[in-house]
Structure formats: C-alpha cells, structure tokens
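Working notes for the structure below.
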Amino acid sequence: MSKLGIVAFAFGVPYTIESNKIIATIAQENSLEHKAPIYTQSDIVINETLNINYIEGDQPPTLRIAREAIKWAKKNDLDGLLIIAAAPHINRAMRDMKMAIKEAKQKIILIKCLDVYNYPKAIWFCSNSSQTRTKSKMEWYKREIILKILPFFIYKRIAN
C-alpha cells in the first residue's frame, strides 16, 4: 500500500463527549505515525496542524460519510484507509465503507483500527450525548440490530 488515509467516525454529539475525544486522539496518533490525512466529521476535533478534511453537514449518516470518504480517497490518490470508530460502531462503519467502495467501483484496502478495543466497552456510551442512540448500550443496540438486518437496498434509502 503506497498511500494511506484515515476515516474517523464520531460516536455521539457534541465533540466534547468522551467517545469523540477518544476517537480524535486515536485518529491524531495514527495520522502522525503514518503521516496520513484524516477525513472525519465536525464532532471529531483534530489538531489543526494535521491534514484534516471534514464532511459537510451535521450528523451525517454512516453510509453518507463512507461514500464521501471514498470520493475523498480517490481525489487524493489514497489506496488504503484506516477506519476509526467507536467499538460498538466499527463493524457497521466497515460494512458501509465496503459498500461505498463497491458502489464507486474503487480498489481501496480497508484496515480496521484495533486501537478502539483497548478501551472499556462502557466508555463509548455517554449520557451527556445529545444523540439518544449513543447514550446507552441498550439504546444503541435497539437501533443497531434493525440496521444490521435490513436489506441493504432499504438501508441505503434510510441512510441518504
């Protein structure tokens, strides 16, 4: 792999909650280590000295972030992407990234960032998040189960 980029997905709102601070820290550390640009959303605040690109809009769905990240990767000649997301979210983020690559007919290697598993599961859920689904494990999984079993053609309509 010649050029690596990083895609960091927020987990809740606002940027001050613990989950988003952890994701930002992991993204920054990996960006410095790999000299890689970052693509993320506004609730992940990254050191301004790094090469950071933000998706437009507040709280975009995971699939929209994935699609825009693939466009960004293509524009920047990246052939690999390190995916960073909260441990409860990372598998769906990876699935959506794979589907976005397939839709765009690109050849980009995805790497799941395992650093997110170094944190206790409970730390990802923040009661002070303004997104109900990220406040508790129960709220998250009620929604997540539905999103995972939906046929992808229906999921795509919801995620636009």
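Just so you know, these numbers use all the heavy atoms, side chains as well, and skip hydrogens, waters and symmetry mates. Just so it is clear, the model here is predicted, and its values are computed rather than measured.
Under the 4.5 Å side-chain criterion, counting only non-hydrogen atoms from C-beta, K148 is in contact with E144. Side-chain contact between I6 and P37 is absent, with no heavy atoms from C-beta onward closer than 4.5 Å. Side-chain contact between L81 and I70 is present, with heavy atoms from C-beta onward closer than 4.5 Å. Contact check for L50 versus L32: side-chain heavy atoms found under the 4.5 Å cut-off. With contacts defined as side-chain heavy-atom distances shorter than 4.5 Å, the pair T40/I52 qualifies. Within the 4.5 Å cutoff, the side chain of S31 has no heavy atoms near those of the Q28 side chain.
Distance check, rounded to the nearest 0.5 Å: CD of Q41 to CZ of F9 gives 7.5 Å. Within the model, atoms NZ of K74 and CD1 of I101 stand 13.0 Å from one another, a figure rounded to the nearest 0.5 Å. Here OG1 of T134 is found 12.0 Å from CH2 of W124. Values are rounded to the nearest 0.5 Å. One finds the OG atom of S19 at 7.5 Å from the CD1 atom of I44 (value rounded to the nearest 0.5 Å). With rounding to the nearest 0.5 angstrom, the CE atom of M94 is 10.5 Å from the SG atom of C113. Here CZ of F152 is found 11.0 Å from CG of L147. Values are rounded to the nearest 0.5 Å.
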Task: Residue pair I108, L78: steps toward the side-chain contact (heavy atoms from CB on, under 4.5 Å) verdict - done: CA-CA 8 Å; I108 298 171; L78 303 173; over 6 Å; no
- [ ] Starting from the C-alpha separation in whole Å, work towards a yes-or-no answer on side-chain contact (heavy atoms from CB on, under 4.5 Å) for Y155 and R95.
- [x] CA-CA 12 Å; Y155 176 77; R95 180 196 71 179; 3.1 Å; yes
Open item on the list: Evaluate L4 against I111 for side-chain contact (heavy atoms from CB on, under 4.5 Å), listing each step before the verdict.
Closed with: CA-CA 10 Å; L4 179 71; I111 304 161; 4.1 Å; yes
- [ ] Could you give me the CA-CA distance, side-chain angles and deciding distance for Y39 and N76, then say whether side chain to side chain donor-acceptor pair (under 3.5 Å) is met?
- [x] CA-CA 11 Å; Y39 189 81; N76 290 281; over 6 Å; no
- [ ] Check the pair N91, K112 against side chain to side chain donor-acceptor pair (under 3.5 Å), reporting the backbone distance first and the verdict last.
- [x] CA-CA 9 Å; N91 287 334; K112 183 192 288 189; 2.7 Å; yes
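Put simply, the residue from L82, I84, N30, I23 that forms a side-chain contact (heavy atoms from CB on, under 4.5 Å) with D115 is N30. In summary, of the residues considered (L110, V116, D96), a side-chain contact (heavy atoms from CB on, under 4.5 Å) with I83 occurs for L110 alone.
In this view, I149 satisfies the side-chain contact (heavy atoms from CB on, under 4.5 Å) rule with no residue, not counting sequence neighbours.
Between the side chain of D79 and the backbone N or O of K3 there is at least one donor-acceptor pair closer than 3.5 Å. A donor-acceptor pair is defined here as one N or O able to donate and one able to accept, closer than 3.5 Å; no such pair exists between the side chain of N53 and the backbone of W72.
I123 is not connected to V45 by any chain of hydrophobic side-chain contacts under 4.5 Å among Ile, Leu, Val, Met, Phe, Trp and Tyr, and they are in different clusters. M97 and L150 end up in different hydrophobic clusters when Ile, Leu, Val, Met, Phe, Trp and Tyr side chains are linked at under 4.5 Å. F125 and I22 end up in the same hydrophobic cluster when Ile, Leu, Val, Met, Phe, Trp and Tyr side chains are linked at under 4.5 Å. When the side chains of ILVMFWY residues are joined at heavy-atom separations under 4.5 Å, either directly or via intervening members, I158 and I145 end up in two distinct hydrophobic clusters. Connection of I38 to I109 is established within a shared hydrophobic cluster, with ILVMFWY side chains joined at heavy-atom distances below 4.5 Å, either directly or through further cluster members.
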Between side-chain atoms of residues 58-67 and protein atoms elsewhere (two or more places apart, or another chain), which donor-acceptor pairs fall under 3.5 Å?
residue : atom : partner : partner atom : Å
Q59     : OE1  : Q131    : NE2          : 3.4
T62     : OG1  : H89     : NE2          : 2.9
T62     : OG1  : R92     : NH1          : 3.3
R64     : NH2  : N160    : O            : 3.2
R67     : NE   : E103    : OE1          : 2.8
R67     : NH1  : N160    : OD1          : 2.7
R67     : NH2  : E103    : OE1          : 3.4
R67     : NH2  : E103    : OE2          : 2.9

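In the displayed structure, Y15 atom OH is contacted under 6.0 Å by at most 12 heavy atoms of other residues, nucleotides or ligands.
Through direct or relayed side-chain contacts under 4.5 Å between Ile, Leu, Val, Met, Phe, Trp and Tyr, M138 connects to no other residue.
Closest of all the heavy-atom pairs between G5 and A36 is CA-CB, 4.2 Å.
Aromatic pair F11/W140: ring centres closer than 6.0 Å.
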